[in-house]
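Note: hydrogens, waters and symmetry copies are ignored here, and every other heavy atom, side chains too, is used. All values reported here derive from a predicted model rather than from experimental measurement.
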Amino acid sequence: MSLDDRRTLGWHETLEIHELVASQTNALMRLKMSIKKIKDSQLRNVYHSAIQNMEMNLQELIQFYPSAPVPPQREDNADRETPALQAGELLGLSKALVRNYALAITETATPVLRKTLTNHLLRAIKGHEAIFNYMYSKGLYPAYDLERLLKNDLQNAQRALSMRYE
């Protein structure tokens with residue numbers, strides 16, 4: 001069977017799509033909540049364009065969910081919007097910090113700066129661990145349940161796509 005004939009995504013592809021959908025869903029919600037406060041018309045137009053681009057990204061990415069190895073079927077409790085959004089933002093930030101510091105260290109030649117950035121990276125890793133543990137303990141991030149993880153992604157993406165922002 002050729003790759004073009006495959007009907008199921010690989011696990012690694014599914015998880016990458018999950019990361020993209022989850023991070024853009026949180027960002028889209030935040031942008032839609034923030035645009036109303038922006039007075040500068042040029043910046044407002046940039047936000048509007050970013051919102052449209054993220055909506056398009058999400059709509060295209062969620063089309064791949066039916067091809068995930070485990071089809072979403074479970075019901076979930078949607079009463080956790082605010083803590084889930086807040087925790088999800090912090091989780092996304094902590095992931096970005098870990099990646100950014102790791103990359104910055106590879107570009108650093110000055111020993112004292114490398115040591116400083118390494119200390120920052122270790123703090124970022126501990127911060128990621130703390131928010132992950134919080135989310136997992138509260139049922140906000142079912143990391144070991146792919147079926148539920150993907151169902152949450154779809155619900156959150158649909159919620160973000162349906163939010164009014166002007």
Q | Approximate separation, where rounding is to 0.5 Å, of Tyr47 OH and Lys37 NZ | A | 9.5 Å
Q: First locate atom CG of Leu91, then atom OH of Tyr141, and finally report the distance between them rounded to the nearest 0.5 Å.
A: 6.0 Å
(Q) Tell me if a side-chain donor or acceptor on Thr25 pairs with a main-chain N or O of Val21 at a distance below 3.5 Å. (A) yes
Q: Check whether Ile17 and Met56 end up in the same hydrophobic cluster, where Ile, Leu, Val, Met, Phe, Trp and Tyr are linked by side-chain heavy atoms less than 4.5 Å apart.
A: no
Q. Quick check: does any side chain N or O of Ser162 sit under 3.5 Å from a backbone N or O of Arg159, one acting as donor and the other as acceptor?
A. yes
Q. So, the side chain of Glu107 versus the backbone of Leu103: is there a donor-acceptor pair under 3.5 Å, distance only?
A. no
**Q.** Heavy-atom pair with the smallest gap, counting every atom of Gly127 and Ser94
**A.** C-CB, 4.4 Å
Q.
Is there a side-chain contact between Glu19 and Lys95 in this structure, where contact means two heavy atoms from C-beta onward sitting under 4.5 Å apart?
A. yes
Q: Please lay out, stage by stage, how His128 and Asn133 fare under the test side chain to side chain contact (heavy atoms under 4.5 Å, CB included).
A: CA-CA 8 Å; His128 175 270; Asn133 288 339; over 6 Å; no
(Q) Let's go through Tyr136 and Tyr144 carefully: what are the C-alpha distance in whole Å and the side-chain angles of both, what is the deciding distance for ring pair (Phe, Tyr, Trp, His ring centres under 6.0 Å) to 0.1 Å, and is it a yes or a no? (A) CA-CA 9 Å; Tyr136 185 75; Tyr144 301 101; 5.6 Å; yes
Q. Does some side-chain heavy atom of Leu9 sit less than 4.5 Å from a side-chain heavy atom of Ser67?
A. yes
Q) Which pair of heavy atoms, one from Ala84 and one from Leu140, lies closest together, and at what distance? A) CB-CD2, 3.9 Å
Q. Can you list the steps and then say if His48 with Tyr165 is a side chain to side chain contact (heavy atoms under 4.5 Å, CB included)?
A. CA-CA 9 Å; His48 192 268; Tyr165 59 96; 3.3 Å; yes
Q) Between the side chain of Glu13 and the main-chain N/O of Gly10, is any donor-acceptor distance below 3.5 Å? A) yes
Q. Got a second to check how far Lys151's NZ is from Gln155's CD, nearest 0.5 Å?
A. 5.0 Å
(Q) If I compare all heavy atoms of Leu117 with all of Tyr101, which pair ends up nearest, and what's the gap? (A) CD2-CE2, 3.7 Å
Q: Let me see the working for Met135 and Leu90 under side chain to side chain contact (heavy atoms under 4.5 Å, CB included), right down to the final yes or no.
A: CA-CA 10 Å; Met135 292 181 74; Leu90 187 53; over 6 Å; no
Q: Check whether any side-chain heavy atom of Arg114 lies under 4.5 Å from a side-chain heavy atom of Thr110, and answer yes or no.
A: no
Q) Would you say Ser23's side chain and Leu20's backbone share a donor-acceptor pair under 3.5 angstrom? A) yes
Q) In this structure, which one of Gln24, Lys32, Arg30 forms a side-chain contact (heavy atoms from CB on, under 4.5 Å) with Leu28? A) Lys32
Q.
Hydrophobic clusters here meaning ILVMFWY residues chained together by side-chain heavy-atom distances under 4.5 Å, can you tell me if Ile38 and Val46 are in one?
A. no
Q. Quick one: CE on Met163 to CG on Leu161, what's the gap to the nearest 0.5 Å?
A. 10.5 Å
Q: Assess whether atom CD of Gln42 is packed by more than 12 heavy atoms of other residues, nucleotides or ligands within 6.0 Å.
A: no
Q) Just by distance, do the side chain of Arg148 and the backbone of Pro142 share a donor-acceptor pair under 3.5 Å? A) no
Q) Does the side chain of Leu58 reach to within under 4.5 Å of the side chain of Gln158, using non-hydrogen atoms? A) no
Q: Would you confirm whether Arg44, through its side chain, and Lys39, through its main-chain N or O, come within 3.5 Å as a donor-acceptor pair?
A: no
**Q.** For Ala50 against Leu31, the heavy-atom pair lying closest together
**A.** CB-CD1, 4.2 Å
Q) How close do Pro69 and Thr14 get, heavy atom to heavy atom, and via which atoms? A) CD-OG1, 3.0 Å
Q. Quick one: CG on Leu113 to NE2 on His120, what's the gap to the nearest 0.5 Å?
A. 9.0 Å
(Q) Within this structure, what is the CZ-CG distance for the pair Arg99 and Leu121, rounded to the nearest 0.5 Å? (A) 12.5 Å
